A.B. asks: 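Sharing a structure, written as structure tokens. Questions coming.
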Amino acid sequence: MNVYALLSLTAFMMCFFLGNFIYHKNPKSQLNRMIALLCILVGFLAFIEFGYRQAETIQTAFFWLKISSLWPLVPSFLLHISLIFTKSKFLKNKLTYILIYLPSTMIIIFSLTTNLIVYTVFKEYWGWYFATPPDATLYNIMALWTIFAVFLSGLIIFTYFLKSRDLKRKQAKYIFLGLYMPFFISLVSDLILPSISIRVPEMTMTMSTIGICLISYGIWKYRFPALTTAIAADEIVSTMSNFFILLDKRNNIISVNPATCDLLEYKRNELIGKSIEIIFPDNEISSLTDRLSNSLSNRAHITNINSTFKLKNGEYIPVFLSLSLIKSDSNDILGIVCVGSDITDIKKAEDKIKASLKEKELLLQEIHHRVKNNLQIISSLLNLQEVYIKDKKDLEIFKESQNRIKSMAFIHEQLYKSSDFEKINFANYIQDLLAYLSFSHNLNPQKIKIKVKVEDVYLDINTAIPCGLIINELVTNSMKYAFPDERSGIIKVHLYSYHEDEYILVISDDGIGLPEEIDFKTTATLGLQLVYNLSNQLEGSIELDRINGTKFKVVFSKLKYKKRI
């Protein structure tokens with residue numbers, strides 16, 4: 001076996017290894033799958049090159065060289081990969097796939113069924129090689145297709161490189177080098193030098209393998225080519241300061257993040273597969289398992305509890321837990337997510353709160369900060385699960401629930417920023433909420449305008465949360481239903497006080513109006529039911545005006561704090 005045949009065999013083995021490596025880095029990514037297929041194709045061509053380089057007879061060499069006619073598929077794959085990597089809109093058009101693969105397919109068919117490319121073979125010091133046929137038309141077409149496809153691929157990647165920043169720019173750099181370095185060297189060895197009667201070993205397969213190595217290095221170092229929900233979820237969970245515990249339906253631990261291991265002083269392999277009894281005190285196991293069972297049976301989305309963790313050294317620490325269910329596409333329960341934080345510091349602060357008003361303020365600020373963070377974490381996890389929901393109606397319900405969580409998080413954010421924890425600047429809150437709803441519903445500000453008129457109204461948390469949820473529901477309804485078919489219009493939000501601790505909230509739009517047959521007090525629609533119930537919770541009244549669109553008027557008073565025993 002000559003050294004050049006050995007080089008081809010090495011390229012073949014490396015390509016198959018790299019293809020397996022890239023595929024298993026992210027098998028759900030279309031780009032990963034395409035690069036893995038490219039590795040298999042280049043590896044197969046490298047094996048063919050090994051075959052004709054060490055062939056003993058001219059017939060065997062001719063057979064192997066004939067099969068190497070599959071080469072034109074490589075430029076097609078490179079062009080396809082560049083379009084996927086840059087998320088080109090052209091891939092939405094089926095004609096693009098025909099333009100990418102039809103030329104190479106036609107060249108391959110003619111090459112396999114005729115002698116218009118592999119005309120005859122002769123032997124060089126590195127092995128067998130084919131002679132260009134007298135009619136070099138098809139050979140020239142193949143060369144031009146290769147140059148065009150690779151050049152266009154590189155141009156697409158380079159343009160993306162110039163527009164990108166930070167990580168994406170580094171990703172594009174490795175793709176660009178992986179495409180162009182093999183191309184230029186192969187161009188010299190396979191086209192330019194033979195055209196001036198200088199014969200050297202063709203280096204296409206070897207250089208293509210080196211190019212794939214560069215792409216693979218980029219995948220290993222920067223975790224590209226595609227950011228997926230699985231990768232994002234791993235990063236969020238592994239870097240979050242709150243502890244994260246994933247349980248199966250039998251209350252066994254199947255995953256924890258580093259913060260959990262640091263808190264409990266266990267190694268990860270000491271927790272995985274164990275029952276939750278390992279981390280909870282014996283006197284709390286029964287109560288906790290009952291809560292988990294109720295969550296599973298009632299299918300409650302979120303349950304918040306205060307509990308205690310048992311550390312490896314036997315010590316106990318108080319914790320705050322948020323429990324939420326994980327469901328499959330068919331709504332089957334897969335497990336439970338436990339997210340929370342160590343509240344030891346809060347508990348210690350509670351012991352001193354009676355003696356120091358400043359400590360009380362710090363404690364309240366920390367509570368609102370942590371509640372806001374917990375709600376945001378839950379909202380982020382719900383957002384990551386959206387891709388698994390296929391039904392549009394279910395996805396809409398899912399997003400509405402997420403918006404309700406966000407509206408409550410904004411309340412705690414305002415309290416966290418406030419110097420007076422009993423009063424929320426509701427004007428600022430409404431502006432934040434409306435900005436989020438506009439972003440969430442992709443509202444076109446040129447079509448639908450939102451006008452806000454809010455006095456300097458300050459509400460406590462007991463009044464602010466139901467009032468905020470009412471605004472969330474009614475504004476969401478206007479955004480979704482009031483302006484169909486790209487209709488323009490205005491949504492108005494007006495809040496003012498007309499007497500001490502008494503307020504009027506008016507939310508209106510000039511859209512198509514609420515159908516006459518719908519009674520918002522008795523409708524089965526969850527959003528309007530919630531608005532009516534929240535109005536009652538505020539001990540207020542609600543009126544509906546259907547003239548010139550839809551206008552809801554809610555009159556309410558600031559709720560009196562009820563002492564909890």
Side-chain angles (χ1 to χ4, degrees), residues 11 15 31 34-35 37-46 48-49 52 64-86 88 90-91 93-121 129-160 175-196 200 202-212 215:
C15 281
L31 186 53
M34 281 301 302
I35 294 177
L37 287 175
L38 175 64
C39 291
I40 293 172
L41 177 60
V42 172
F44 180 65
L45 291 170
I48 292 172
E49 189 178 68
Y52 65 71
W64 285 112
L65 283 164
K66 199 72 172 176
I67 301 176
S68 69
S69 301
L70 296 174
W71 157 254
L73 275 176
V74 173
S76 296
F77 272 52
L78 294 176
L79 184 55
H80 192 178
I81 287 170
S82 67
L83 292 174
I84 295 174
F85 177 74
T86 56
S88 172
F90 292 110
L91 289 177
N93 191 335
K94 294 181 180 179
L95 181 61
T96 301
Y97 296 90
I98 297 175
L99 295 175
I100 291 174
Y101 290 102
L102 183 60
S104 57
T105 303
M106 297 301 296
I107 293 170
I108 290 170
I109 292 173
F110 277 108
S111 180
L112 290 174
T113 56
T114 68
N115 292 332
L116 294 178
I117 289 184
V118 182
Y119 177 71
T120 186
V121 298
Y129 195 71
F130 70 90
T132 306
D135 182 3
T137 303
L138 186 61
Y139 179 83
N140 292 333
I141 291 174
M142 181 183 72
L144 288 173
W145 162 247
T146 301
I147 293 172
F148 169 77
V150 177
F151 177 78
L152 181 59
S153 303
L155 182 62
I156 292 170
I157 298 295
F158 186 68
T159 304
Y160 184 81
I175 289 282
F176 183 78
L177 290 175
L179 287 173
Y180 261 64
M181 187 186 71
F183 169 67
F184 283 117
I185 296 177
S186 300
L187 189 68
V188 172
S189 67
D190 292 10
L191 291 177
I192 297 177
L193 292 181
S195 68
I196 57 176
V200 296
E202 63 274 20
M203 300 297 293
T204 302
M205 295 304 109
T206 302
M207 296 312 302
S208 296
T209 303
I210 294 175
I212 292 173
I215 296 173

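Values in this document were obtained by computation on a predicted structure and should not be read as measured data.
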A.B. asks: Could you tell me the separation between the OG atom of Ser104 and the CG atom of Leu70, rounded to the nearest 0.5 Å?
C.D. replies: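 Rounded to the nearest 0.5 Å, the OG-CG separation comes out at 10.0 Å.
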A.B. asks: Quick one: does any side-chain atom of Lys66 pair with a main-chain N or O of Ser111 as donor and acceptor, under 3.5 Å?
C.D. replies: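 Indeed, once roles are kept as given, a pair shorter than 3.5 Å links the two residues.
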A.B. asks: Would one find more than 12 heavy atoms of other residues, nucleotides or ligands at under 6.0 Å from atom OH of Tyr97?
C.D. replies: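 It does: Tyr97 OH has more than 12 such atoms within range.
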A.B. asks: Would you give the length of the straight line joining atom OG1 of Thr137 to atom CE of Met142, rounded to the nearest 0.5 angstrom?
C.D. replies: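 Here the rounded value is 12.5 Å.
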A.B. asks: Could you measure the distance from the CG atom of Leu45 to the CD1 atom of Ile67? Nearest 0.5 Å is fine.
C.D. replies: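 It is 10.5 Å, given to the nearest 0.5 Å.
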A.B. asks: Do side-chain atoms of Thr96 reach the backbone of Phe90 as a donor and acceptor pair under 3.5 angstrom?
C.D. replies: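 Pair found, side chain donor or acceptor close to backbone of Phe90.
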A.B. asks: Less than 4.5 Å apart, any side-chain heavy atom of Lys94 and any of Ile98?
C.D. replies: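 Of all side-chain heavy-atom pairs linking Ile98 with Lys94, none is under 4.5 Å.
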A.B. asks: Please examine the side chains of Leu38 and Leu78, heavy atoms only from C-beta on, and report whether any two atoms are closer than 4.5 Å.
C.D. replies: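 Answer yes - side chains close enough.
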A.B. asks: Hey, could you give me the CG/CD1 distance between Leu83 and Ile157, rounded to the nearest 0.5 Å?
C.D. replies: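 Between Leu83 CG and Ile157 CD1, I get 8.5 Å after rounding to 0.5 Å.
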A.B. asks: Could you pull out all residues at least two apart from Phe44 that satisfy ring pair (Phe, Tyr, Trp, His ring centres under 6.0 Å)?
C.D. replies: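 Phe44 satisfies ring pair (Phe, Tyr, Trp, His ring centres under 6.0 Å) with no other residue.
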A.B. asks: Is there a side-chain contact between Thr159 and Thr86 in this structure, where contact means two heavy atoms from C-beta onward sitting under 4.5 Å apart?
C.D. replies: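 Sidechains of Thr86 and Thr159: no contact.
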A.B. asks: Minimum heavy-atom separation for Pro72 to Trp145, with atom names?
C.D. replies: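 Minimum heavy-atom contact is O-NE1, 3.4 Å.
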A.B. asks: If you round to the nearest 0.5 Å, how far is CD1 of Ile156 from CD1 of Ile84?
C.D. replies: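 Between atom CD1 of Ile84 and atom CD1 of Ile156 there are 11.5 Å.
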A.B. asks: Under the side chain to side chain donor-acceptor pair (under 3.5 Å) test, which residues partner Thr209, sequence neighbours left out?
C.D. replies: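 With sequence neighbours excluded, Thr209 shows a side chain to side chain donor-acceptor pair (under 3.5 Å) to no residue whatsoever.
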A.B. asks: Sequence neighbours excluded, which residues qualify as ring pair (Phe, Tyr, Trp, His ring centres under 6.0 Å) partners of Phe158?
C.D. replies: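 If we apply the ring pair (Phe, Tyr, Trp, His ring centres under 6.0 Å) test to Phe158, skipping adjacent residues, the hits are Phe176.
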A.B. asks: Taking all non-hydrogen atoms of both residues into account, name the closest pair between Leu79 and Ser153 and its distance.
C.D. replies: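 Nearest heavy atoms, Leu79 then Ser153: CA-OG, 3.0 Å.
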A.B. asks: Let me confirm one number: the OG1-CD1 distance from Thr113 to Ile108, rounded to the nearest 0.5 Å.
C.D. replies: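 Here the interatomic distance stands at 11.5 Å.
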A.B. asks: Would the distance check show the side chain of Ser76 and the main-chain N or O of Ile100 forming a donor-acceptor pair, the cut-off being under 3.5 Å?
C.D. replies: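 Pair found, side chain donor or acceptor close to backbone of Ile100.
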A.B. asks: Do Thr146 and Trp71 make a side-chain contact, defined as non-hydrogen atoms from C-beta onward lying under 4.5 Å apart?
C.D. replies: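 The answer is yes, as the side chains (C-beta and beyond) meet within the 4.5 Å cut-off.
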